[in-house]
Undergrad: 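There's a structure below that I have some questions on.
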Amino acid sequence: MADKHQIDGHKLIYHPERVAQWTQGSESWDQAKSIYPIYVEIAPIGGCNHRCTFCAVDYIGYKTRSIEPELLKTRLGEMARLGIKSVMFAGEGEPTLYKALPEILDHCTEVGIDTSLTTNMVPFTTNNVESFVRNCKWIKTSINAGTAETYAQIHQCKPDDFNRVLDNFAMAVETRKKIKSTCTIGGQIVLLPENADEVSELAEKLRKIGVDYLVVKPYSQHNSSVTRQYESIDYSNYLNLKNDLESLSDDNFSVVFRNATMERTLEKDFEFKVCQATPFFWAYIMANGEVYGCSAYLEDERFCYGNITDESFEEIWEGDKRKQNHHFVLHELNIEECRHNCRMWSVNQYLNKLKNPTDHVNFI
């Protein structure tokens with residue numbers, strides 16, 4: 001099954017200049033402080049309309065806080081000038097509940113930042129969908145069942161939300177066609193015992209609507225999560241599902257079964273001893289404005305660099321708290337305390353090979 005967007009891998013190989021900067025200066029703070037992230041995840045709002053049973057950030061509490069729009073615009077302008085290339089609006093809340101999101105996306109386009117959106121799609125309306133589809137490079141919707149009943153059970157919401165999401169998928173696809181947008185519109189299902197027998201049904205529904213892909217991914221236990229009901233899933237029981245789904249892919253629709261990521265759940269050992277992705281290539285901004293170097297350590301002061309309400313992004317990124325975290329990650333962090341199979345796992349595999357090359361690498 002085609003994974004043309006490399007969802008089950010990484011895209012750091014397309015940024016050789018930034019990687020070269022890291023290769024030359026990652027261990028020296030004087031050089032490391034000016035290595036800015038390529039990608040930033042922003043949670044513009046903390047509230048959420050669902051309470052998914054697998055939610056990794058349930059421990060944060062779905063607080064009804066948000067970033068002041070004009071402040072966010074200012075910081076995004078700074079970030080663009082500093083070399084940040086992309087922003088995903090997602091986070092500890094549902095980003096489309098943020099009323100100012102359409103104008104924020106417009107602003108990102110104006111300053112030259114690529115944007116994307118991870119959403120449950122329920123709050124999509126005729127008033128906001130055009131901005132979402134016009135500005136975003138991609139929109140990925142978390143839809144974790146193939147029937148309304150199972151969807152309501154997992155998302156902990158009303159069953160009617162399932163059909164509303166399907167209708168909103170159709171609205172987004174039609175809007176894309178109408179305005180001639182190139183936005184990629186996809187769905188994502190976290191593979192769980194409750195929904196494993198509904199993946200094909202969901203894929204067929206999305207394909208019929210005109211959605212571009214469905215990602216099938218494994219659950220990953222966040223160390224701070226309240227929920228623990230899925231931490232012992234044995235994905236060896238589900239790997240054959242890939243074969244069953246292959247026939248659903250065609251020239252216009254693909255099922256991206258994250259096989260490599262799923263197989264890693266069966267391997268409990270870490271393939272690297274140091275996280276090389278933090279604090280360099282990505283960042284996370286919470287709905288209260290705090291900037292973190294890793295989403296697996298939200299609300300952990302060791303990974304908090306500052307707050308965009310109090311300082312510019314440049315002051316935060318080159319400041320003392322990130323300097324302390326740079327030393328901590330490089331010399332003190334026990335990698336086995338980290339979230340296994342985290343978002344930067346594939347990036348770390350790549351960077352680890354650059355730091356620790358095998359013999360004969362010059363024989364290309």
Undergrad: Is there any ring-ring contact (aromatic ring centres under 6.0 Å, His included) pair reaching into residues 337-364, and which pairs are they, with sequence neighbours excluded?
TA: His10-Tyr350, Phe270-His340, Phe270-Trp345, Phe272-Trp345, His340-Trp345
Undergrad: For Ser232 and Asp234, run side chain to side chain donor-acceptor pair (under 3.5 Å): C-alpha distance rounded to whole Å, both residues' side-chain angles, the deciding distance at 0.1 Å, then the answer.
TA: CA-CA 6 Å; Ser232 299; Asp234 182 359; over 6 Å; no
Undergrad: Would you say the side-chain atoms of Arg18 pair up with the backbone N or O of Pro37, donor to acceptor, closer than 3.5 Å?
TA: yes
Undergrad: Test your reading of the model: is there a side-chain donor-acceptor pair from Thr74 to the backbone of Glu70, 3.5 Å cut-off?
TA: yes
Undergrad: Over 60° means perpendicular and under 30° means parallel, so tell me whether His5 and Tyr213 are parallel, tilted or perpendicular.
TA: tilted
Undergrad: If you round to the nearest 0.5 Å, how far is CG of Asn144 from CD of Glu194?
TA: 10.0 Å
Undergrad: Hey, does the side chain of Thr125 reach the backbone of Asn127 with a donor-acceptor pair shorter than 3.5 angstrom?
TA: yes
Undergrad: Is the shortest distance from a Lys or Arg side-chain nitrogen in Lys73 or Glu103 to a carboxylate oxygen in the other one below 4.0 Å?
TA: yes
Undergrad: Which atom pairs, donor and acceptor, lie under 3.5 Å between side-chain atoms of residues 27-36 and protein residues at least two apart or in another chain?
TA:
{"residue": "Glu27", "atom": "OE2", "partner": "Lys355", "partner atom": "NZ", "Å": "3.4"}
{"residue": "Ser34", "atom": "OG", "partner": "Gln31", "partner atom": "O", "Å": "3.2"}
{"residue": "Tyr36", "atom": "OH", "partner": "Glu318", "partner atom": "OE2", "Å": "2.8"}

Undergrad: So, does Gln221 use its side chain to make a donor-acceptor pair with the main chain of Thr227 at under 3.5 Å?
TA: yes
Undergrad: Gly306 and Glu311: which non-hydrogen atoms are nearest, and at how many Å?
TA: CA-OE1, 4.3 Å
Undergrad: Would you mind reporting whether Arg258 and Val216 have side-chain heavy atoms less than 4.5 Å apart?
TA: no
Undergrad: Check this for me: does any side-chain nitrogen of one of Glu130 and Lys178 sit under 4.0 Å from a carboxylate oxygen of the other?
TA: no
Undergrad: Would you sort out whether Gln153 and Tyr151 count as a side chain to side chain donor-acceptor pair (under 3.5 Å), showing the intermediate values?
TA: CA-CA 5 Å; Gln153 175 189 351; Tyr151 180 89; over 6 Å; no
Undergrad: Residues sharing Ile60's hydrophobic cluster, by side-chain heavy-atom contacts under 4.5 Å among ILVMFWY, directly or via others?
TA: Val57, Tyr59, Val226, Tyr284, Met286, Tyr292, Tyr297, Leu298, Phe303, Phe328, Val329, Leu333
Undergrad: What orientation do Phe281 and Trp22 show, parallel under 30°, tilted 30 to 60°, or perpendicular over 60°?
TA: tilted
Undergrad: Answer yes or no: is there a donor N or O on one side and an acceptor on the other, between the side chain of Thr118 and the main chain of Ala90, under 3.5 Å?
TA: no
Undergrad: Is it the case that one hydrophobic cluster holds both Tyr62 and Phe89, taking links as side-chain heavy atoms less than 4.5 Å apart, direct or via other members?
TA: no
Undergrad: Counting only heavy atoms not in Lys11, do more than 12 sit closer than 6.0 Å to its NZ atom?
TA: yes
Undergrad: First locate atom NE2 of His107, then atom CG of Leu76, and finally report the distance between them rounded to the nearest 0.5 Å.
TA: 5.5 Å
Undergrad: So that I can tick it off, tell me whether Asp160 and Lys158 are bridged by a salt bridge, with the cut-off set at under 4.0 angstrom between side-chain N and carboxylate O.
TA: no
Undergrad: Test of understanding: with side-chain contact (heavy atoms from CB on, under 4.5 Å), list the residues that count as partners of Thr265, not counting sequence neighbours.
TA: Pro218, Tyr235, Asn341
Undergrad: Applying side chain to side chain donor-acceptor pair (under 3.5 Å) to Glu94 and Asn120, what does each step give before you reach the verdict?
TA: CA-CA 7 Å; Glu94 167 50 46; Asn120 61 43; 3.3 Å; yes
Undergrad: Taking all non-hydrogen atoms of both residues, which atom of Ile143 and which atom of Ile189 are closest, and how far apart?
TA: O-CB, 3.6 Å
Undergrad: Do Val211 and Leu214 come within less than 4.5 Å of each other through their side chains, counting heavy atoms only?
TA: no
Undergrad: At what distance, to the nearest 0.5 angstrom, does CD1 of Ile209 lie from CD of Glu204?
TA: 12.5 Å
Undergrad: Kindly determine whether Glu301 and Lys321 satisfy side-chain contact (heavy atoms from CB on, under 4.5 Å), including the steps that lead there.
TA: CA-CA 9 Å; Glu301 280 298 314; Lys321 295 187 75 173; 3.2 Å; yes
Undergrad: Report yes or no: does Asp212 contribute a side-chain atom to a donor-acceptor pair with the main-chain N or O of Phe253 at less than 3.5 Å?
TA: no
Undergrad: Between Arg207 (side chain) and Leu248 (backbone), is there a donor-acceptor pair under 3.5 Å?
TA: yes
Undergrad: Please report the interatomic distance CZ(Arg65) to CG(Asn288), rounded to the nearest 0.5 Å.
TA: 4.0 Å
Undergrad: Pair Asp161, His50 - check side chain to side chain donor-acceptor pair (under 3.5 Å), show working.
TA: CA-CA 10 Å; Asp161 278 2; His50 286 179; 2.9 Å; yes
Undergrad: Grouping I, L, V, M, F, W and Y whenever their side-chain heavy atoms are under 4.5 Å apart, do Leu166 and Ile139 come out in a common cluster?
TA: yes
Undergrad: Should the pair Glu231-Arg228 be classified as a salt bridge under the 4.0 Å nitrogen-to-oxygen rule?
TA: yes
Undergrad: Please enumerate all residues that pass side-chain hydrogen bond (donor to acceptor under 3.5 Å, both in side chains) together with Tyr305, with sequence neighbours excluded.
TA: Asn325
Undergrad: Please determine whether the number of non-hydrogen atoms from other residues, nucleotides or ligands lying under 6.0 Å from atom NZ of Lys85 exceeds 12.
TA: no
Undergrad: Report the residues that fulfil ring-ring contact (aromatic ring centres under 6.0 Å, His included) with His15, sequence neighbours left out, ordered by chain and then residue number.
TA: none
Undergrad: Considering only NZ, NE, NH1 and NH2 on the basic side and carboxylate oxygens on the acidic side, decide whether Arg134 and Asp106 come within less than 4.0 Å.
TA: yes
Undergrad: Before giving the answer on side-chain contact (heavy atoms from CB on, under 4.5 Å), spell out for Asn195 and Val190 the whole-Å C-alpha distance, their side-chain angles and the decisive distance to 0.1 Å.
TA: CA-CA 9 Å; Asn195 63 25; Val190 177; 5.5 Å; no
Undergrad: Shortest non-hydrogen contact from Asn128 to Pro102?
TA: CB-CG, 4.0 Å
Undergrad: Just wondering, do Leu245 and Ser200 contact through their side chains at under 4.5 Å, heavy atoms?
TA: yes
Undergrad: Residues in side-chain contact (heavy atoms from CB on, under 4.5 Å) with Ile45, at least two apart?
TA: Ser66, Leu97, Tyr98
Undergrad: Ser131: which residues meet the side-chain hydrogen bond (donor to acceptor under 3.5 Å, both in side chains) condition with it, sequence neighbours left out?
TA: Asn135
Undergrad: Output yes when a side-chain donor or acceptor of Glu92 lies under 3.5 Å from a complementary backbone atom of Ala287, and no otherwise.
TA: yes
Undergrad: Indicate yes or no for a side-chain donor-acceptor contact from Gln276 to the backbone of Leu351 under 3.5 Å, with no hydrogens or angles considered.
TA: no
Undergrad: Can you confirm whether more than 12 heavy atoms, excluding those of Asp320, are under 6.0 Å from its CG atom?
TA: no
Undergrad: Which residues satisfy the side-chain hydrogen bond (donor to acceptor under 3.5 Å, both in side chains) test with Thr115, sequence neighbours excluded?
TA: none
Undergrad: Regarding Arg343 and Glu41, does a basic nitrogen lie under 4.0 Å from an acidic carboxylate oxygen?
TA: yes
Undergrad: Hey, could you give me each pair passing ring-ring contact (aromatic ring centres under 6.0 Å, His included) that has a residue in residues 111-136? Not counting sequence neighbours.
TA: Phe124-Phe132
Undergrad: Just to verify, what does Thr147 make a side-chain contact (heavy atoms from CB on, under 4.5 Å) with, not counting sequence neighbours?
TA: Glu149, Thr150, Glu198, Glu201
Undergrad: Does Ser254 use its side chain to pair, donor to acceptor, with the backbone of Val256 at less than 3.5 Å?
TA: no
Undergrad: Rest of the hydrophobic cluster containing Ile364 (Ile/Leu/Val/Met/Phe/Trp/Tyr, side-chain heavy atoms under 4.5 Å)?
TA: none
